[in-house]
Amino acid sequence: MSEKHNDFIGDMMRENQDDYNNLPGKGKPLPKENLQMDTFQRFQKTAKDAGFLPPWLKLQKEIASLLKTAKTEKDLEDINSKIKKHNRICPIPMQKNLVSFVNLEKAKDNWSE
């Protein structure tokens, strides 16, 4: 079993070893928060700090903005179309009801949260 296997990452690290030896923070202990969070929590924090928003949150902000200026039935049709898309891609607890003129004011409050 002395076959050589492909180790692309290992090969790249060996070729660029100087880059890895000069990383900022090398030799310093990891921040305590890294040890208290799992990988997904660290990813969420890093993404948030970098300004990343999931598509459903971007859409949520867009819907909230559109609700402020909605005046016609066509406006509500467009908004409800976006709400349906939002509900397909967001976590289940974040799903919202469609909007009509009857519940427009309440919807403005619900979407501005």
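Numbering starts at 1 and runs along the sequence shown. What you are looking at is a predicted structure, and each value in this text was computed from that prediction instead of being measured. FYI, side chains are in, hydrogens and waters are out, and symmetry mates aren't considered; it's all heavy atoms of this structure.
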Are [X] and [Y] packed together at the side-chain level, in the sense that at least one heavy-atom pair is separated by less than 4.5 angstrom?
X	Y	result
Leu53	Lys61	yes
Gln60	His86	yes
Lys85	Trp56	no
Met94	Asn87	no
Leu104	Leu76	yes

Residues in salt bridge (Lys or Arg N to Asp or Glu O under 4.0 Å) contact with [X], at least two apart in sequence or another chain:
X	result
Lys74	Asp78
Glu15	none
Asp75	none

Inset, instruction - Please answer whether the main-chain N or O of Lys108 pairs with a side-chain N or O of Lys68 as donor and acceptor at a distance below 3.5 Å. - result: no
Inset, instruction - Name all pairs fulfilling the ring pair (Phe, Tyr, Trp, His ring centres under 6.0 Å) condition that reach into residues 23-43, sequence neighbours left out, sorted by first residue then second. - result: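 Every candidate ring pair (Phe, Tyr, Trp, His ring centres under 6.0 Å) pair involving residues 23-43 fails, so no pair, neighbours aside, qualifies.
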Legend entry - Value rounded to 0.5 Å, distance of CG in Asn97 from CG in Asn103: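 Going from the CG atom of Asn97 to the CG atom of Asn103 covers 7.5 Å.
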Legend entry - Nearest-0.5 Å distance, CD1 of residue Ile83 to SG of residue Cys90: 11.0 Å
Legend entry - Minimum heavy-atom distance Ala107-Val99, with the two atoms named: CB-CG2, 3.7 Å
Inset, instruction - Provide the closest heavy-atom pair for Ala64 versus Trp111 in the form atom of the first, atom of the second, distance. - result: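 Reported closest heavy-atom pair: CB-O, 3.5 Å.
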Legend entry - Qualifying side chain to side chain donor-acceptor pair (under 3.5 Å) pairs, either residue in residues 39-50, two or more places apart: Lys45-Asp49
Legend entry - Test side-chain contact (heavy atoms from CB on, under 4.5 Å) applied to Lys82 - qualifying residues, sequence neighbours left out: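 Per chain and number, Lys82 pairs via side-chain contact (heavy atoms from CB on, under 4.5 Å) with Leu59, Glu62, Ile63, Leu66.
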